[in-house]
Amino acid sequence: MGDRCDVGGARAIRRAIDSASQAPLLQQLVAECRTYPELEREIYRCIDEGGTVRDRASEKLTEIRIGLRQTRDDIYSKLQNIVQAQGAALQETVITQRSDRYVLAVKSSHKDRVPGVVHDTSATGLTLFVEPHSTVPLNNRMRQSLKLEEREIERILRVLSAQVGEVVPDVQALMAVLTTLDLATARARYSRWGGWGAGAMGGRSPATAAGAASVVGVARAAGGGQPVVAVDFVTDPSTRVVAITGPNTGGKTATLKTVGMVTLMARAGLFVPAQSPVRLPWLAPVLADIGDEQSLQQNLSTFSGHVRRIAQILGELTANALVLLDEVGAGTDPSEGSALAIALLVHLAERARLTVATTHYSELKLLKYQNPHFENASVEFDEATLSPTYRLLWGIPGRSNALAIARRLGLAEGVIDRAAHHLGFGSQEVNRLIAELENQRREQQQKVAEAIALHGEAERLHREISHKAEQLRSRYRELREQQEQEVSAAIHQARKEVGRVIRKLQKGNEQRRNRRKRASRPCCPRSQRPPIRS
């Protein structure tokens, strides 16, 4: 919408919201909006889409513009006649303008052929821009008409502005509502695109709660064709300060910016670029000191610039603030800088919800073991390839790896040995212990990866065995059903055979009884026998 209030669009939006039965909050938002359709129609009657005042805005403006067009046509007619009559004297047969007056481009050698007022010359001096005497009155009349047009347009705009001025509070309120709806729509469209659909960013809706742990799932950034390394930022609810250490170009500042970006996106109601669910405490405001504030104009050194920014941060601090500090305490004497950094982080641990600070100071790595509100994190660095992995490691402070990097880059071994000697046994021992912890972590990660792989293989075998067992159970059921059917068929057939045999036996018994009956009857006397006829 920009800075223009589309009243017609607002009216259409209000009608759409009023007709929606399940949008009570939106209906409440637009309930008091006034759009003034009569004023809108008057404005569009007077001004076109390009912002030009229309001829119909007033009768006087209509008359002025009709006269202007007539005067312009008369000027063109006279100049066209001169072009046809004196074409050889002209540098170009084109009518042009100089100082809002119509002129002809006349050859300087033929200026007497076209008498008039010279308003301009070309850079070479070979061309004169001449207003012929015959068109001077017409040009004067046109200039006067232009002045009248300008005054009439100003009067029309003044009248319209006065009408708008009478309803400025309502228009401003309408603009605020439209801006709110516009931002909400933009957030919704971004979140719809930012989900897990085809071509989407791959984001999730963050969950916020006042007492939630600080969790930024696995936040990701656009890779630009490069592999994307997720930042797994997870802290305990009691953690107030996270000190991120590690080598330069290792990704400390990128992690800092990622946490700030995700927090601001969540506060704005946007999906955040993460693969896993994201939970965040409500962090407000977000206060950051990132980058070099050196300024010659303001007589600020790097350290002075940081201190000025930090002083502003402390002045705006609240209990729910997120504070991001890049290279805290840098730019001055290391001992004083580390002391100032420790004091500052302890101060922030007592007053801010969460502080994330990057540093190279070893003293800050020990705060975790002195204060339960502190946590260490480091960015991983591959010494074999002298390149960062950009993975964030928790619970282990990082090393700057300056000597290892210098050795890999070919610095003289004697210089490195002397630097190690000046570094002191304590520092070397701490670095050695950190290196051992990193090795142990890598071994644990490798074992975890192997365990995950074995677990996956076991699950695959379990699924395969379960599938085969189910197949065997299904085959057993089929065979049992088949056997039951065969047994039932055999029993049925046997019953039929038994029935047939029984019926056969019953029939034989009946025949024997009939024979016995016939055999037991007495013979009849010959005299009683019926006569035999021949």
Query raised in the report: Could you walk me through whether Y76 and Y102 pass the ring pair (Phe, Tyr, Trp, His ring centres under 6.0 Å) check?
Result: CA-CA 8 Å; Y76 263 80; Y102 290 98; 5.4 Å; yes
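- Between the T318 side chain and the A284 main chain, a donor and an acceptor come within less than 3.5 Å of each other.
- Minimum heavy-atom separation, F233 to T235: CE2-CG2, 3.8 Å.
- With I153 as reference, V53 is the one residue of T52, I47, I64, V53 to meet the side chain to side chain contact (heavy atoms under 4.5 Å, CB included) rule.
- Nearest heavy-atom pair, F129 versus A105, reported as atom, atom and distance to 0.1 Å: CE2-CB, 4.1 Å.
- R56 contributes no side-chain N or O that, together with a main-chain N or O of C46, makes up a donor-acceptor pair within less than 3.5 Å.
- Remark: the backbone N or O of G251 is paired with a side-chain donor or acceptor of T255 at under 3.5 angstrom.
- In this structure a side-chain-to-backbone donor-acceptor pair under 3.5 Å is present from S122 to G125.
- Residue V114 comes nearest to V130 through the heavy atom pair O-CG1, 3.6 Å, listed as atom of the first residue, atom of the second, then distance.
- Nearest heavy atoms, R141 versus T71: CD-OG1, 3.6 Å.
- Salt bridge absent: E154 and R151 never bring a charged side-chain N and a carboxylate O closer than 4.0 Å.
- The minimum heavy-atom distance linking L317 with R351 is given by the pair CD2-CB, 3.7 Å.
- Considering all non-hydrogen atoms of both residues, T62 and D55 come closest at OG1-O, 2.7 Å.
- Between the side chains of Q70 and D74, at least one donor-acceptor pair of N or O atoms lies under 3.5 Å.
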